[in-house]
Amino acid sequence: MQELHLTQEWDKVFPKRDKVDHKKVTFTNHFGITLAADQYTPKNYEGKLPALAVAGPFGAVKEQSSGLYAQTMAERGYLTIAFDPSFTGESGGDVRDVFSLDINTEDYQAAVDYLSNLDNVDPEKIGIIGICGWGGISLNAAAIDPRIKATAAVTMYDMPRIGAKGYFDQGNADDRYASKKQIAEQRTKEYGKKNLAKAGGCYDYPAPDDQPDFVKQYSAYYKTKRGYHKRSVNSNEGWVLQSQPAWMNTKILVHPEDLKNAVLIVHGEKAHSRYMGEDTFKKLKGDNKELVIVPGATHTDLYDGGDHNYIPFDKIDSFFKKNLG
């Protein structure tokens, strides 16, 4: 297991709550990458607990939205972990700030491995939560791993769809080819170099007036006290350019019929990403799937609740209580 240097002081963008115990933990995925996580446990409990693994948004770290979800759900009686994906945050991986659908899907499965072997967790009562791009990845993991009894995909992105077609499906094959050509040339240029060029994170706040509203929302979260974190990909220099084409030739949920366990998809009414969640929901099979639209909420309102506590924690809690038993 790779030795990680974990920050022990509380450096989250949300306050610490006194109803749960918190500690740093590590576990290793089957690619040999050691992942760092924050574990939250209710202070007063009896018997074995249901457990949740939480990740996202895409380009965020566990000190941001995923940690908020994990701590809040722990207050409601779950043992939870919020983990940094491979190559990001405090987790391992020699190359930094890159992604892979295969490896990131495995990150969830490794989290389930870890939770399943805790003495105070019921291995038959494990669920996952994915936020933003990790919403799509969470569904991918759930379709592969029947140990995941219930999955909540919140304000989800279908990252391969964005990679292949752009926002709102406005891109085409020529656009993809142009991007691939540019990145291929970048790879040749960077051969043998240690420091790889990055795509750039979010705009400094406030974002330029000519940008779409959702871009301005990202800036307002990642680049202000509300959500900025020094280890967050999106808060800083962004993803490595070379990794960008990875989404263009892959898909999530190749076999949606394999996802037999419960799913909750949650989106904001005003979220630019809403179409991805609704279209994904149409692919799911069975009567244990739910779609919830939060009135008035934007995409990033479901990162931290926004100005009106938009995150429907009561609904998420009731979903997991129903389906984890």
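Quick caveat, the model's predicted, so the values are computed rather than measured. The first residue in the sequence is number 1, and the count goes up from there.
Cluster annotation: Leu6 is not connected to Val13 through the hydrophobic network of ILVMFWY side chains, with a link wherever side-chain heavy atoms come within less than 4.5 Å. Cluster annotation: Ile81 is not connected to Val61 through the hydrophobic network of ILVMFWY side chains, with a link wherever side-chain heavy atoms come within less than 4.5 Å. Linking ILVMFWY side-chain heavy atoms closer than 4.5 Å, directly or via other members, places Val98 and Met248 in two distinct hydrophobic clusters. Val95 and Leu4 fall into different hydrophobic clusters, where Ile, Leu, Val, Met, Phe, Trp and Tyr are joined by side-chain heavy atoms under 4.5 Å apart, directly or via other members. Cluster membership check: Leu196 does not share its hydrophobic cluster with Tyr191, using side-chain heavy-atom separations under 4.5 Å among Ile, Leu, Val, Met, Phe, Trp and Tyr.
With a 4.5 Å cut-off on side-chain heavy atoms, Ile265 and Leu284 count as touching. Taking 4.5 Å as the limit, some side-chain heavy atom of Arg226 sits within range of a side-chain heavy atom of Asp304. Using a 4.5 Å heavy-atom cutoff, the side chains of Asp301 and Lys270 are not in contact. Here the side chains of Val266 and Val294 are in contact, with some heavy-atom distance below 4.5 Å. The shortest distance between side-chain heavy atoms of Val233 and Lys198 does not fall below 4.5 Å. Side chains of Lys48 and Asn120 form no contact here, defined as non-hydrogen atoms less than 4.5 Å apart. At least one side-chain heavy atom of Tyr114 sits under 4.5 Å from a side-chain heavy atom of Gln39. Under the 4.5 Å side-chain criterion, counting only non-hydrogen atoms from C-beta, Leu264 is in contact with Lys315.
The aromatic ring centres of Tyr222 and Tyr205 sit 6.0 Å or more apart. The ring of Trp239 has its center no closer than 6.0 angstrom to the ring center of Phe87.
With a 6.0 Å radius and a threshold of 12 heavy atoms from other residues, nucleotides or ligands, Asp287 has its CG atom at or below the threshold. For Phe31, the CZ atom counts as densely surrounded, since its 6.0 Å shell holds more than 12 non-hydrogen atoms of other residues, nucleotides or ligands. The local environment of NZ in Lys165 is sparse, with at most 12 non-hydrogen atoms from other residues, nucleotides or ligands closer than 6.0 Å. Around atom NE2 of His255, no more than 12 heavy atoms belonging to other residues, nucleotides or ligands sit under 6.0 Å away. Heavy-atom contacts from other residues, nucleotides or ligands closer than 6.0 Å to CD of Gln182 number 12 or fewer. Heavy-atom contacts from other residues, nucleotides or ligands closer than 6.0 Å to CD of Glu9 number more than 12. When the shell of 6.0 Å around NZ of Lys24 is examined, it contains more than 12 heavy atoms from other residues, nucleotides or ligands. Within 6.0 Å of atom CD in Glu237, 12 or fewer heavy atoms from other residues, nucleotides or ligands are found, so the atom counts as exposed in its surroundings.
How far NZ of Lys230 is from OG of Ser235: 12.5 Å, rounded to the nearest 0.5 Å. Taking CZ of Arg187 as the reference point, atom NZ of Lys180 lies at 13.5 Å (rounded to 0.5 Å). To the nearest 0.5 Å, atoms CG (Asp107) and CG (Leu35) are separated by 4.5 Å. Note that OG of Ser318 is 9.0 Å distant from CD1 of Ile316, once rounded to the nearest 0.5 Å. Annotation: the span from Ile311 atom CD1 to Ile131 atom CD1 amounts to 7.5 Å, rounded to 0.5 Å. We find the OH-SG distance between Tyr221 and Cys202 to be 10.5 Å, quoted to the nearest 0.5 Å.
Under the 3.5 Å distance criterion, the side-chain polar atoms of Thr105 are left unmatched by any main-chain donor or acceptor of Ala141. Looking at Lys289, its side chain does come within 3.5 Å of a backbone N or O of Lys285 through a donor-acceptor pair. Checking side-chain atoms of Asp122 against main-chain N and O of Leu49 turns up no donor-acceptor pair under 3.5 Å. A donor-acceptor pair under 3.5 Å is formed between the side chain of Ser219 and the backbone N or O of Tyr203. Judged purely by atom type and a 3.5 angstrom limit, Asn29 has no side-chain atom pairing as donor or acceptor with the backbone of Ala110. Here the side chain of Glu278 pairs no donor or acceptor atom with the backbone of Tyr275 at under 3.5 angstrom. A donor-acceptor pair is defined here as one N or O able to donate and one able to accept, closer than 3.5 Å; such a pair exists between the side chain of Asn323 and the backbone of Phe319. A side-chain donor-acceptor contact under 3.5 Å links Thr34 to the backbone of Gln2. With hydrogens and angles ignored, the 3.5 Å screen pairs a side-chain donor or acceptor of Asn117 with a backbone N or O of Asp113. At least one donor-acceptor pair closer than 3.5 Å links the side chain of Asn261 to the backbone N or O of Ile148.
Residues Ala197 and Gln186 come closest through the heavy atom pair CB-NE2, 3.4 Å. Residues Gly135 and Met156 share a closest heavy-atom pair of CA-CB, 3.9 Å. Closest non-hydrogen pair, Ala111 versus Ala53, comes out as CB-CB, 3.8 Å. Between Lys125 and Leu324, the closest heavy-atom pair is CG-O, 2.9 Å. Between Leu101 and Pro160, the shortest heavy-atom distance links the atoms CD2-CG, 4.4 Å. Closest of all the heavy-atom pairs between Gly163 and Trp247 is CA-CB, 3.9 Å.
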inquiry  = Does Asp18 form a salt bridge (Lys or Arg N to Asp or Glu O under 4.0 Å) with Lys43? I'd like the steps, not just the answer.
reply    = CA-CA 8 Å; Asp18 59 8; Lys43 282 193 172 179; over 6 Å; no
task = Starting from the C-alpha separation in whole Å, work towards a yes-or-no answer on side-chain hydrogen bond (donor to acceptor under 3.5 Å, both in side chains) for Tyr157 and Tyr167.
result = CA-CA 10 Å; Tyr157 262 40; Tyr167 285 104; 3.1 Å; yes
message = Pair Lys321, Asp314 - check salt bridge (Lys or Arg N to Asp or Glu O under 4.0 Å), show working.
response = CA-CA 10 Å; Lys321 279 187 168 58; Asp314 287 344; over 6 Å; no
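Below 30°, between 30° and 60°, or above 60°: for Phe27 and Phe83 the angle between ring planes is above 60°, a perpendicular geometry. Relative ring orientation between Phe58 and Phe99 is described as perpendicular, the plane-to-plane angle rising above 60° on a 0-90° scale split at 30° and 60°. Aromatic ring orientation, Phe214 versus Tyr218: perpendicular (interplanar angle above 60°, classes split at 30° and 60°). Between Phe14 and Trp10, the angle of the ring planes goes over 60°, which puts this pair in the perpendicular group of the 30/60° scheme.
Between the side chains of Gln64 and Ser232, at least one donor N or O lies within less than 3.5 Å of an accepting N or O.
Every residue meeting the salt bridge (Lys or Arg N to Asp or Glu O under 4.0 Å) condition with Glu124, not counting sequence neighbours, appears here in chain and number order: Lys149.
At a threshold of 4.0 Å, the pair Arg161-Asp279 counts as salt-bridged, since one of the basic side-chain nitrogens sits closer than that to a carboxylate oxygen. Under the 4.0 Å criterion applied to side-chain N and carboxylate O atoms, Asp11 and Arg231 are assigned as salt-bridge partners. Between Glu185 and Lys189, none of the side-chain N atoms (NZ, or NE/NH1/NH2) sits under 4.0 Å from a carboxylate O, so this pair counts as no salt bridge. We find that Asp158 and Lys251 are not joined by a salt bridge, their nearest charged nitrogen and carboxylate oxygen being 4.0 Å or further apart.
The salt bridge (Lys or Arg N to Asp or Glu O under 4.0 Å) pairs that include a residue from residues 291-300 number zero, where partners must be two or more places apart or lie in different chains.
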